[in-house]
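Structure first, then comments.
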Amino acid sequence: MIVLKLCQRNPAQTMELLNHHTEAPFADSLIIAYAYRNPGKLYDYAQLTDSLGNKIRSIDNPLVKSISQMASMKSGRFLFPFLDEIAHGGITIEEIDKVKDDPESYFKLLVKTEISYRERMQKGDTPFVMKVLTEKLQSQARDPFINQINALHDQTNDAIRFKIIEHLSPIELYYLSVVDEEEIYTSSYLGVYKRIFERMEIPRSDTLLRWVGYDFYKKFIKLSAAYNELDDFLRRMNPAEAEKLMQRFVSGLESTKTLEDAVDVANSFGSIDNAALRKLMQQQVQINLQQNIRSGNRRGQTIYRLLNTIFSSMDSTAGKIDVSASLGIRPIYQMPASLLRDSSGRIIVEQFFYGDKDGVNSFNSFLGTFNNPNWKITRKEEWVEVKSVKGAPITIYANKPLDNEKDLDAAAQRDLRDYMDSLDITPTIVIHRGHSYHVKSTIDQLPSSAQVVMLGSCGGYQSLNSVLTRCPEAQIIASKQVGADVINTALITRMMEVLRQSKDLNWPQMWRELESKVSGATHEKFDDYVPPYRNLGAIFIMAYNNEMAR
């Protein structure tokens, strides 16, 4: 009776308590109940060869028997995501066993089961191991599909690069694009997105969402916005459907445990060119704000009030709103040079280069730009130092793009950082020069002192949250699609020249100047670069953190 009472009071400890009391008359009932609460943990216990494992395998219950059978098989982890379907007779272990060794067929089965589970959840039913299925879907999307497409990023023939997904349906491509956002490269995502609609007989986005039961729809909207495809996605449905979708997208933010959805809403608003749709989103934000005021939800009030202020600042018809003053955050339209200087009055800049072909080209382009009487270049074994010799004192430290296959570029970055630390040199401007698959390495090395962060890679806009985690008040420049060396060089050169003249960085003015100098394809790429005052997600995070600190 004591064991029973302990199990009832501490259900999570049931198996540990039963381990020494497997002959108790209530053991079967408790194990069955535990199976429904935590089938994944029961799977682990069913693999044991001790008395508890034997007890589990002896129980005559469909769910427990299914778990026990899987636990005894080498391929059990491939079968486990389908536990609910197996337990309810929707599929047999033999049917899964036939496709588990074929990545494409197995991925297709995972997608089919994910949709089935999602439909049941929408009806109030919660399938077993739903989370396990989604995690398996993510891992199977990554390997082999995303990994192989990413690995072929230098392949100019798309038929070769995307061959591995040529037999995937629009629905399967949809899941491929959303379940592993942290690993997929910009060009890989854009290639998958393009193929989703190419393979639909009638390429309508509302049809696609109905096919998947609106599963991951917020994630898909977020990614479409981050890669500048949201307008295209919304144009592929009728206006009334687009309005409903975006109203739904901006609602319920107060009930989430993180700020991720609210940040996604802010970023998405900045990616929409349709004025009517932007107005609709703002109206819905105002409706949600009033609902949260009536319900007394302080968190909801804060989220929607901040979003409303940010959206209003972007609406030219509302009159000029000083969003910095309204939100109580640093000015976002400029970066005062005074905030960039160290105690000696010098501005320190750090650039990260990577040792692939494009990295070498970017590095040489960088040196060529500063090979003039205003600057002095000093070459060291693993890095270069570029110092202004006229005007305000500025020093740019940049590691050499040494062989990345031998990790020599990473070693150069570490040695440069150790050198800077030894002399108490603290950068306030940090610039990433490299492909999107290198950006995580740069962010991992970001110093908290950075006031301006430029991500010169493809899809750098995807990494805003990661940057702000390390540098909460940094102003960020990033591209939503393809990063271009010519644009990166123009931005860096202009920033350094303005600072060398002891002037503040005025972002709107700088953007107007650069916009007037680019044309054609270069202009299209420049349009994908987002200046600090248009990084609405970053502005929201800073404002929310400031509000919570009061």
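Nothing here was measured: the structure is a model prediction, and the numbers come from that model.
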Answer yes or no: is there a donor N or O on one side and an acceptor on the other, between the side chain of [X] and the main chain of [Y], under 3.5 Å?
X	Y	answer
Arg120	Ser116	no
Tyr174	Trp211	no
Arg470	Asp444	yes
Asn535	Ile476	yes
Asn288	Tyr304	no
Arg433	Gln351	no
Asp206	Met237	no
Asn10	Gln13	no
Asn274	Ala276	yes
Gln138	Val179	yes

Parallel, tilted or perpendicular: ring planes of Phe311 versus Phe269, cut at 30 and 60 degrees: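 Judged by the thresholds at 30° and 60°, the geometry between Phe311 and Phe269 is parallel.
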Parallel, tilted or perpendicular: ring planes of His153 versus Tyr185, cut at 30 and 60 degrees: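 His153 vs Tyr185 ring planes: perpendicular.
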Flag the pair [X] / [Y] as yes when at least one side-chain heavy-atom distance between them is below 4.5 Å, and no otherwise.
X	Y	value
Phe540	Leu536	no
Phe197	Phe233	yes
Glu260	Asp264	yes
Phe220	Val212	no
Met495	Val349	no
Asn488	Tyr529	yes
Thr207	Ile202	no
Lys108	Val99	no

Does either side chain, that of [X] or that of [Y], offer a donor lying less than 3.5 Å from an acceptor on the other one?
X	Y	value
Gln301	Asn297	no
Asn308	Gln286	yes
Tyr354	Thr442	yes
Gln247	Glu243	no
Asp356	His438	yes
Arg161	Ser188	yes
Tyr175	Asp215	yes

Which pair of non-hydrogen atoms, one from [X] and one from [Y], has the smallest distance, and what is that distance?
X	Y	value
Trp507	Met335	NE1-N, 4.0 Å
Leu327	Asn546	O-ND2, 3.4 Å
Thr256	Thr258	OG1-O, 3.0 Å
Tyr106	Pro81	OH-CG, 4.2 Å
Arg118	Gly213	CG-O, 4.4 Å

Short N-O contact, Arg204 and Glu241, less than 4.0 angstrom: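 Here Arg204 does not pair with Glu241 in a salt bridge, since their nearest N and O are not under 4.0 Å apart.
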Salt-bridge present (Asp125, Lys123; N to O < 4.0 Å):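 Lys123 and Asp125: not salt-bridged.
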Please report the interatomic distance [atom1]([X]) to [atom2]([Y]), rounded to the nearest 0.5 Å.
X	Y	atom1	atom2	result
Ser295	Gln290	OG	CD	11.0 Å
Leu505	Gln475	CG	CD	8.0 Å
Glu547	Ile329	CD	CD1	11.5 Å
Leu42	Ser66	CG	OG	11.0 Å
Glu254	Leu289	CD	CG	10.5 Å
Leu137	Glu172	CG	CD	10.0 Å

With a 6.0 Å cut-off (strictly less than), is the heavy-atom count around [atom1] of [X], excluding the residue itself, greater than 12?
X	atom1	result
Lys218	NZ	yes
Lys163	NZ	no
Glu166	CD	yes

Side chain to side chain contact (heavy atoms under 4.5 Å, CB included) evaluation trace for Ile91 with Ile86: CA-CA 5 Å; Ile91 195 170; Ile86 294 170; 3.8 Å; yes
Aromatic contact, Tyr227 with Tyr193 (centres under 6.0 Å):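 Centroid distance Tyr227-Tyr193: not below 6.0 Å, so no.
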Side chain to side chain contact (heavy atoms under 4.5 Å, CB included) evaluation trace for Thr134 with Tyr117: CA-CA 10 Å; Thr134 304; Tyr117 282 4; over 6 Å; no
Of Leu307, Val263, Leu259, Asn292, the residue whose pairing with Leu253 passes side chain to side chain contact (heavy atoms under 4.5 Å, CB included):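 With Leu253 as partner, Leu307, Val263, Leu259, Asn292 yield a single side chain to side chain contact (heavy atoms under 4.5 Å, CB included), made by Leu307.
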Met15/Asn38 under side chain to side chain contact (heavy atoms under 4.5 Å, CB included): CA gap, chis, key distance, verdict: CA-CA 11 Å; Met15 303 311 290; Asn38 199 335; over 6 Å; no
Arg77 to Phe80, cation-pi by 6.0 Å centre distance and 45° axis angle: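 Arg77 over Phe80 ring: yes.
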Distance under 6.0 Å and angle within 45° of ring axis: Lys222 vs Phe216: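 Here Lys222 fails the 6.0 Å and 45° test against Phe216.
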By salt bridge (charged side-chain N to carboxylate O under 4.0 Å, His left out) - contacts of Asp504 (at least two apart):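 None.
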Contacts of Lys112 that satisfy salt bridge (charged side-chain N to carboxylate O under 4.0 Å, His left out) - sequence neighbours left out: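 Testing Lys112 for salt bridge (charged side-chain N to carboxylate O under 4.0 Å, His left out), a comparison that skips the adjacent residues, returns none.
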Steps toward side chain to side chain contact (heavy atoms under 4.5 Å, CB included) verdict (Leu208, Arg236): CA-CA 10 Å; Leu208 177 68; Arg236 294 178 183 274; over 6 Å; no
Non-neighbouring partners of Thr302 that pass side-chain hydrogen bond (donor to acceptor under 3.5 Å, both in side chains), sequence neighbours left out: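 Testing Thr302 for side-chain hydrogen bond (donor to acceptor under 3.5 Å, both in side chains), a comparison that skips the adjacent residues, returns none.
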